[in-house]
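One structure below.
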Amino acid sequence: RWALGYDLEEAYHLLFSKSIAKNITLIHLNNSQVKKRARKYRHATILDGIIPNYKMNDFIQSIKNNKTVITLETQSTDYDKQLAYIYDIK
């Protein structure tokens with residue numbers, strides 16, 4: 001939703017503040033190669049995109065607090081680093 005202009009905090013609240021939140025069990029996660037509101041979907045790994053780390057961290061922490069499964073969408077050779085990054089966020 002970054003490409004449509006939603007900040008990660010806004011996207012989180014749109015997803016998890018509604019009654020459908022209890023039905024969300026998995027989120028595929030990626031960063032972005034394009035600026036917010038670019039209206040283009042150009043995925044980047046969570047470690048290499050332009051979305052600031054602190055925003056990714058807050059979003060990941062919120063997802064983890066809801067016990068939602070995170071899956072990595074973007075093809076990469078560093079899945080181990082990305083997974084370690086996710087697991088280290090408290």
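Atom CE in M56 sits 5.5 Å away from atom CD1 in I51 (nearest 0.5 Å). The OG1 atom of T74 sits 9.5 Å away from the CD1 atom of I46 when rounded to the nearest 0.5 Å. To the nearest 0.5 Å, the span separating CD on Q61 from NZ on K64 amounts to 6.0 Å. In this structure, the separation between CD1 on I27 and CD1 on I70 is 7.5 Å, given to the nearest 0.5 Å. The CG atom of N53 sits 11.0 Å away from the CG atom of D58 when rounded to the nearest 0.5 Å. The CD atom of Q82 sits 4.5 Å away from atom OG1 of T45, with the distance rounded to the nearest 0.5 Å.
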Enumerate donor-acceptor pairs with a distance under 3.5 Å from any side-chain N or O in residues 83-90 to protein atoms, sequence neighbours excluded.
residue, atom, partner, partner atom, Å
Y85, OH, N57, OD1, 2.3

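Annotation for L8 and F59: closest pair O-CD1, 3.5 Å, computed over non-hydrogen atoms. The two residues E10 and K36 have their closest heavy-atom pair at OE1-NZ, 4.5 Å.
At a threshold of 4.5 Å between non-hydrogen side-chain atoms, the residues K55 and D7 count as touching. Between T71 and L26, the closest side-chain pair of non-hydrogen atoms falls below 4.5 Å. Contact annotation: the side chain of N31 never approaches that of L47 to less than 4.5 Å [non-hydrogen atoms, C-beta and beyond]. Between S32 and R42 there is no side-chain heavy-atom pair separated by less than 4.5 Å.
Residues meeting the side chain to side chain contact (heavy atoms under 4.5 Å, CB included) test with S62, sequence neighbours left out: Y12.
For the pair N30 (side chain) and E73 (backbone), a donor-acceptor distance under 3.5 Å is absent.
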